[in-house]
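Owing to the predicted nature of the structure, the values given are computational and were not obtained by experimental measurement.
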Amino acid sequence: MKRILGIVGWLGVAFVVAAVIIRVSRPELFVWSQRLAIAGLITTGLYALSQWRDVGRSFGGRNVKYGSVAVTTVVLILAIIVGINWVASRHNKRWDLTAASQFSLSDQTRRILADLKTPVAMHLFYTRSADEYRDRLSEYTYLSKQVSVEYVDAERNPVVAHKYGIQTVPTLVIEYGGRTEKASAIDEQSVTNALKKVIAGKAKKLYFMQGHGEHDVAASSPDGYSTIADALKNDNFETDKLTLAQTGSVPADASVVVIAGPRTDLLAPEADALRKYLGTGGKVQLLIDPPEKSSTAQLTNLLALAQEWGITVGNNIVIDASGLGQLLGTDASVPVAMPVQHAITQNFRVMTAFPLARSVVPVEGGTNGRVAQKILETSPQSWAESDVAGLYSTGRPERNLDKGDVAGPVAIAAAVSGAAPDAATNAPADAPKAETRMVVVGDSDFASNRAIGLQGNREIFLNMANWLAQQEDLIAIRPRNAEDRPITMTADQGLMVKLLTQVLVPAMLLGYGIRVWWRRR
């Protein structure tokens, strides 16, 4: 009988050990782990009851009081551990102590999750183990109670995988409001992009105008816009080209029209088509470069369109003498701008760089009731050089306020919004009023493939596009790859690093070698 009871005791221990191993190695088998743990505790308890005589005799010895103290200490420690776990399970708090907060979700993801009003169901399909994905997805459930995650082994549950059309693993399926979206990578950028798309539903259409020497949205050359076009897709935009001289009007599905760096002026019918589009609640982004030389024809129709909406585009070139451009490896012809308080720049605290820009200033008091706001401005050490011809001929900027130069800080981007004057009057009573929006920037090269990677250039362009498309919930700092941690140095700091690594350290090693050789002689 004692032998059988001994087997029962060891069986209970085996059950508990197996439960712990399964809980650690296969978290998805939590139910089996729980059942084994309960079975182990019951079996071990039965064994302890069968040994009640031996237990009773153990309390009759002279060392009972010492044993009691030890048992009491163990019980108290266990009680403290249980209490800490009980509190932690109900008051969850996480800290990210990494330098770049690489294990924390970005501002944009946090904002999207905070705005959720209805549940979001995530289904992660994997094989073998889902442990490497749990930490990332748990951030989403931690920040929003509306988000739930189900982990599905595609090999063990082929019926469920077939239902969602799973072809490869890992695949994350996100369900929201009767719509579904998939992500084939389980990093924040992929998951958040899929979340944006499933929440927004149909993608917004953004047209880039062509026909006047504008940047090509499909070109991968340094002055092309292919990089920003890919970034727009991640924010639920579809991009296309628009030749307004051929179509005669802006397409009905246009959410935003971008005119990026035209070298020639709009034709009168094109300007009228844009006016009509703006009058019915259209959204336009004008990226206007400074004049290349004194003989360059002025963009009269385009500048007049901006003026009608309360924005004056200066005939000048902004010079930045603050030295901030050296941080980016540039000179004074590339002004560095900081954000001014506006919906576009909300929570945006990153500087932006604009290769050769002109001033863009809101009209004092507005125009026809339309009051614009500046959104980016340069440092107080900058100025707007009005002598463009002299600057091109000498290459040496000189600040002269008496001859028309404008003292810094200089605004180089402005935005305006207002009620659409020609909006349809047959819209439903509960429908939001049509609103016209315009953003004007005194440079177009900042969004080109050459410069889009400089500091906050990519983010500010996407923020402008989302504000124009009335997707304010997507205005924030976007997810970045964990390894994207650039080191920014001034020219002097770069020179010091070069001297240290290429001159000083080799010289020290050579000197030490000579010393060792000399001592051995």
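In this structure, the side chain of Thr501 engages the main chain of Val497 through a donor-acceptor pair within 3.5 Å. Listed for the Thr247 side chain is a donor-acceptor partner under 3.5 Å among the backbone atoms of Ser249. Not one N or O on the side chain of Asn301 forms a donor-acceptor pair closer than 3.5 Å with the backbone of Ala271. Distance alone, capped at 3.5 Å, places no donor-acceptor pair between the Thr180 side chain and the Ile174 backbone. Within the 3.5 Å criterion, the main-chain N or O of Ala219 finds a donor-acceptor partner in the side chain of Asn449. In this structure, the side chain of Thr192 does not engage the main chain of Gln189 through any donor-acceptor pair within 3.5 Å. Side chain of Ser138 to backbone of Asp135: a donor-acceptor contact under 3.5 angstrom is found. Not one N or O on the side chain of Ser382 forms a donor-acceptor pair closer than 3.5 Å with the backbone of Thr378. Under a 3.5 Å cut-off, the side chain of Thr345 and the backbone N or O of Val340 do form a donor-acceptor pair. Arg179 contributes a side-chain N or O that, together with a main-chain N or O of Ile199, makes up a donor-acceptor pair within less than 3.5 Å.
With a 4.5 Å cut-off on side-chain heavy atoms, Met464 and Val441 count as touching. Counting only heavy atoms from C-beta outward, the side chains of Val334 and Asp320 never approach each other to under 4.5 Å. Using a 4.5 Å cut-off on side-chain heavy atoms (C-beta onward), Leu105 and Glu188 make contact. You'll find the side chain of Ile317 reaches within 4.5 Å of the side chain of Leu356, heavy atoms only. Using a 4.5 Å heavy-atom threshold, the side chains of Val318 and Ile412 count as touching. Between Tyr126 and Thr171, the closest side-chain pair of non-hydrogen atoms is not below 4.5 Å. Phe208 places none of its side-chain heavy atoms less than 4.5 Å from the side chain of Glu214. Taking 4.5 Å as the limit, some side-chain heavy atom of Pro251 sits within range of a side-chain heavy atom of Leu242.
Of all the heavy atoms in Glu385 and Val388, the pair that sits closest is O-CG2, 4.1 Å. Nearest heavy-atom pair, Asp405 versus Asn400, reported as atom, atom and distance to 0.1 Å: OD2-N, 2.9 Å.
Listed by first then second residue, pairs satisfying ring pair (Phe, Tyr, Trp, His ring centres under 6.0 Å) with a partner in residues 104-125 read His123-Tyr164, Phe125-Tyr164, not counting sequence neighbours. A salt bridge (Lys or Arg N to Asp or Glu O under 4.0 Å) check over residues 252-261, counting only residues at least two apart or in different chains, returns the pairs Lys205-Asp253. For residues 355-376, every residue pair satisfying the side-chain hydrogen bond (donor to acceptor under 3.5 Å, both in side chains) rule, not counting sequence neighbours, is listed here: Asn316-Ser359, Lys374-Glu377. Pairs passing the salt bridge (Lys or Arg N to Asp or Glu O under 4.0 Å) check and including a residue from residues 437-453, sequence neighbours excluded, read Glu435-Arg437, Arg437-Glu472. Residue pairs that meet the salt bridge (Lys or Arg N to Asp or Glu O under 4.0 Å) test with at least one member in residues 267-284, sequence neighbours left out, are Asp272-Arg275, Arg275-Glu308.
Legend: residues meeting salt bridge (charged side-chain N to carboxylate O under 4.0 Å, His left out) with Asp216, ordered by chain and number and at least two apart, are Lys241. By the side-chain hydrogen bond (donor to acceptor under 3.5 Å, both in side chains) test, Asp223 is found to be paired with Ser221, residues two or more places apart in sequence or in another chain being considered. Partners of Tyr207 according to the ring pair (Phe, Tyr, Trp, His ring centres under 6.0 Å) rule, which considers only residues two or more places apart in sequence or in another chain, do not exist here. Annotation: ring pair (Phe, Tyr, Trp, His ring centres under 6.0 Å) contacts of His342 (sequence neighbours excluded): Trp467. By the side-chain hydrogen bond (donor to acceptor under 3.5 Å, both in side chains) test, Asp289 pairs with Ser444, sequence neighbours left out. The side-chain hydrogen bond (donor to acceptor under 3.5 Å, both in side chains) search around Ser255 returns none, not counting sequence neighbours. Applying the side-chain hydrogen bond (donor to acceptor under 3.5 Å, both in side chains) criterion to Glu181, with sequence neighbours excluded, gives no partner residue.
Donor-acceptor pairing under 3.5 Å is recorded for the side chains of Thr118 and Tyr176. Looking only at atom types and distance, the side chain of Thr227 has no donor-acceptor partner in the side chain of Asp230 under 3.5 Å away. Residues Trp309 and Gln307 bring no donor and acceptor atom of their side chains to less than 3.5 Å of each other. With hydrogens and angles left out, the side-chain atoms of Asn315 and Gln298 include a donor and acceptor closer than 3.5 Å.
Atom CG of residue Leu113 and atom CG of residue Leu195 lie 6.0 Å apart, to the nearest 0.5 angstrom. Rounded to the nearest 0.5 Å, atoms CD1 (Ile344) and CD1 (Ile460) are 6.5 Å apart.
Using the six-membered ring where Trp is involved, Phe446 and Phe354 have ring planes that are tilted, between 30° and 60° apart.
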